[in-house]
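Structure first, then comments.
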2 protein chains.
Amino acid sequence: MTEPRPDSRPTLEAVAAHAGVSRATASRVVNGGDGVRTHLADRVRTAIRELGYIPNHAARTLVTRRTGAVAVIIPEPEIRIFSDPFFSRQVRGIAKELTAHDTQLVLLLVEDRGDYDRIERYLAGGHVDGALAFSLHADDPLPAIIRRIGMSTVFGGRPGWTIGPAEHDGVTYVDADNRGGAREAVRHLLAQGRRRIAHIAGPLDQTSAADRLSGYRDALAAGRPELFAEGDFTPAGGARAMAELLDRDPGIDAVFAGNDLMATGALRVLRESGRTVPGDVALVGFDDAEAVAESADPPLTTVRQDIEGMGRLMARLLMDTLNVGPDERTAPRPVITATELVRRASA
Amino acid sequence: MTEPRPDSRPTLEAVAAHAGVSRATASRVVNGGDGVRTHLADRVRTAIRELGYIPNHAARTLVTRRTGAVAVIIPEPEIRIFSDPFFSRQVRGIAKELTAHDTQLVLLLVEDRGDYDRIERYLAGGHVDGALAFSLHADDPLPAIIRRIGMSTVFGGRPGWTIGPAEHDGVTYVDADNRGGAREAVRHLLAQGRRRIAHIAGPLDQTSAADRLSGYRDALAAGRPELFAEGDFTPAGGARAMAELLDRDPGIDAVFAGNDLMATGALRVLRESGRTVPGDVALVGFDDAEAVAESADPPLTTVRQDIEGMGRLMARLLMDTLNVGPDERTAPRPVITATELVRRASA
DNA sequence: TTGTAAGCGTTATCAG
DNA sequence: CTGATAACGCTTACAA
């Protein structure tokens with residue numbers, strides 16, 4: 001019923017023998033075939049096909065010191081992380097780009113502090129050629145690890161220890177223009193004649209939240225009072241913050257939420273308080289999270305960021321680094337991607 | 001500023017020399033140290049620590065033919081897949097379990113049909129020891145590939161080509177008790193005196209959708225008319241199906257939706273039609289998707305499945321298979337996990 | 001252009 | 001219990 005020894009696959013040696021050439025020549029053909037007479041190359045290719053040869057990855061890695069794999073490190077200090085569509089979509093973008101470069105994606109989830117030992121061992125163990133890491137808090141141990149073992153890395157989101165988009169210190173990262181996007185959102189509210197614009201910020205130890213708060217302040221600069229509460233990027237947190245804000249100032253006529261999830265929470269509280277949206281209070285979110293912004297009631301006006309595109313970009317940047325050798329790499333630098341205000345019914 | 005040659009890490013050879021033993025002995029210590037005099041073992045361990053030795057994975061794999069990695073294959077024929085919290089949570093469970101077994105997770109996303117070539121090459125290339133695969137349609141090429149190259153695999157969700165939980169054909173899979181859960185949901189509606197209970201099914205070529213429909217029918221057996229429309233597991237699809245159902249029978253007084261996302265779509269349409277929930281129409285979802293069921297308005301009564309637990313289970317089952325050798329493995333079998341009705345405000 | 005041969009870092013076999 | 005030594009499958013100088 002089953003084949004005799006399906007276990008051991010043909011080696012390069014077998015291919016060479018089958019084609020009547022040396023293993024070296026066979027190897028050359030497998031790796032592009034430059035400088036091999038087409039006659040022989042064809043014979044080798046035929047042998048490969050007939051034997052169903054597939055290169056042994058471990059053997060290749062052993063000598064080339066290249067694994068053809070990249071680690072994607074995702075922390076989930078809070079529960080929310082992986083169920084947040086944000087990561088899913090970014091990972092999707094990354095996966096697509098890596099696939100295009102014939103590179104594998106090794107997923108490393110970080111649950112708690114102790115996991116970093118494991119991560120370091122893994123990274124140092126040479127299992128991967130580079131790493132992609134996300135949303136680092138200012139005190140995250142990962143940057144130190146990465147620096148220590150000298151691993152090429154691209155970060156997603158401005159790391160907490162950098163000052164801002166302009167001043168960075170030697171890291172490459174991809175981030176949306178959170179500040180600019182927030183500015184645009186608030187200006188949109190101002191343009192509608194809203195006077196008391198509140199902001200529900202995300203956790204301010206995350207730079208995306210801090211940058212959006214900065215944008216909010218930028219737009220309000222013209223002598224307007226600022227009024228904000230800190231949420232946690234969840235609907236419940238948004239609801240809590242909204243209640244607090246309403247308590248502090250019942251006259252609020254607009255809210256800019258740091259993300260769509262918090263906006264839905266705010267929406268619920270606004271409705272429960274008897275206010276209409278956008279009639280009494282206009283509401284703008286951030287992310288344009290699918291299955292959230294669009295299906296909210298009313299659908300959310302929000303600031304869209306191209307999350308999948310950011311993921312792709314991260315991967316591309318990393319591949320670029322990997323493909324030039326440590327010598328003449330382009331200097332590490334942040335890449336800021338544009339945001340876009342999507343107007344729906346809520347503001 | 002930087003170390004001279006941070007590039008080349010110490011080898012086992014170096015450790016052996018440092019400890020004054022043979023490479024073979026050093027290797028034994030690295031792999032548990034059975035049958036090595038404690039005296040020597042300690043010396044080796046010290047050397048390992050002092051040199052910062054980390055085993056070279058490729059070299060090890062080359063000889064042991066074990067990679068210490070597992071592939072997680074996720075198809076996304078429709079757009080929704082990865083932004084669906086379902087996969088995220090299942091992956092999370094898998095990741096946790098694999099980590100506990102010191103095994104790496106290689107993520108393989110399948111975009112389109114052509115990707116299967118790449119997947120097959122990858123699997124056959126011996127990059128991983130086993131695979132975890134999801135939600136296969138009846139005509140999915142993956143099972144054939146997996147059988148052809150004889151790779152240990154555990155499926156998530158009942159594969160489309162199996163008949164049901166009882167009759168399976170040689171595959172191990174983990175699935176929630178979709179049918180039982182659906183039955184419970186509908187019985188709950190019946191117990192409330194609802195008479196016209198409609199069902200919004202997911203795409204019926206997915207077994208989870210088909211099984212939930214079966215459960216719906218089971219519960220209705222007592223001579224009740226069945227009334228269902230097929231959605232696509234998205235809010236928009238749920239809305240579409242709801243509109244269609246209302247059109248066909250305006251007297252519907254309850255709806256069992258195949259998942260929470262479709263339930264939110266249905267909710268919107270019900271509200272827009274002037275109906276109250278649960279006053280005029282009771283609504284039950286499926287999944288208990290966080291940030292969806294709970295934050296819906298009203299919060300959704302739904303059937304919870306322990307998604308993360310299912311992920312962990314899948315990984316554990318695979319590891320079990322991997323650790324016993326092809327000889328005496330326990331026969332492939334489905335594992336069905338329990339569901340639980342979570343009562344909230346919508347029904 | 002092609003072949004020979006020397007590794008790459010481990011584990012595993014087999015004497016001692 | 002320990003140590004040579006032979007694989008593992010491939011790439012890459014170096015020679016021819």
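Throughout, protein chains are lettered first and strands after them, A, B, ... in sequence-line order, and every chain is numbered starting at 1.
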Run the side-chain donor-acceptor check on residues 121-128 of chain A: report pairs under 3.5 Å with partners two or more places apart or on a different chain.
residue  : atom : partner  : partner atom : Å
A:His127 : ND1  : A:Tyr122 : O            : 3.1

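With rounding to the nearest 0.5 Å, the separation of CG in B:Leu108 from CG in B:Asp115 is 9.0 Å. Of the inter-residue distances, the one linking B:Ile48 atom CD1 with B:Leu12 atom CG reads 7.5 Å to the nearest 0.5 angstrom.
Annotation: proximity of residues 15-28 of chain A to DNA chain D (heavy atom, distance under 4.0 Å) is found for A:Arg23, A:Ala24, A:Ser27, A:Arg28, numbered in ascending order. Within residues 33-56 of chain A, the residues having any heavy atom under 4.0 Å from DNA chain D are, by residue number, A:Tyr53, A:Pro55, A:Asn56.
The side chain to side chain donor-acceptor pair (under 3.5 Å) test applied to A:Arg28 returns no partner, not counting sequence neighbours. By the side chain to side chain donor-acceptor pair (under 3.5 Å) test, A:Arg66 pairs with A:Asp129, A:Asn323, sequence neighbours left out. For A:Gln104, there are no side chain to side chain donor-acceptor pair (under 3.5 Å) partners two or more places apart in sequence or in a different chain. For A:Asp117, the salt bridge (charged side-chain N to carboxylate O under 4.0 Å, His left out) test picks out no residue, with sequence neighbours left out. With sequence neighbours left out, the side-chain contact (heavy atoms from CB on, under 4.5 Å) criterion links B:Thr99 to A:Arg118. When the side-chain contact (heavy atoms from CB on, under 4.5 Å) test is applied to B:Glu120, the partners found at least two apart in sequence or on another chain are B:Ile145, B:Arg148, B:Ile149.
The shortest heavy-atom contact between A:Glu111 and B:Lys96 is OE2-CE, 2.9 Å.
The span of DNA chain C lying next to chain A, judged by atoms under 4.0 Å from heavy atoms, is bounded 5' to 3' by C:dT1 to C:dG9. Read 5' to 3', the first and last nucleotides of DNA chain D with an atom closer than 4.0 Å to a heavy atom of chain B are D:dC1 to D:dG9.
In this structure, the helix from C:dT1-D:dA16 to C:dG16-D:dC1 shows an angle of 40° between the axis at its start and the axis at its end, each fitted on 5 base pairs and rounded to 10°.
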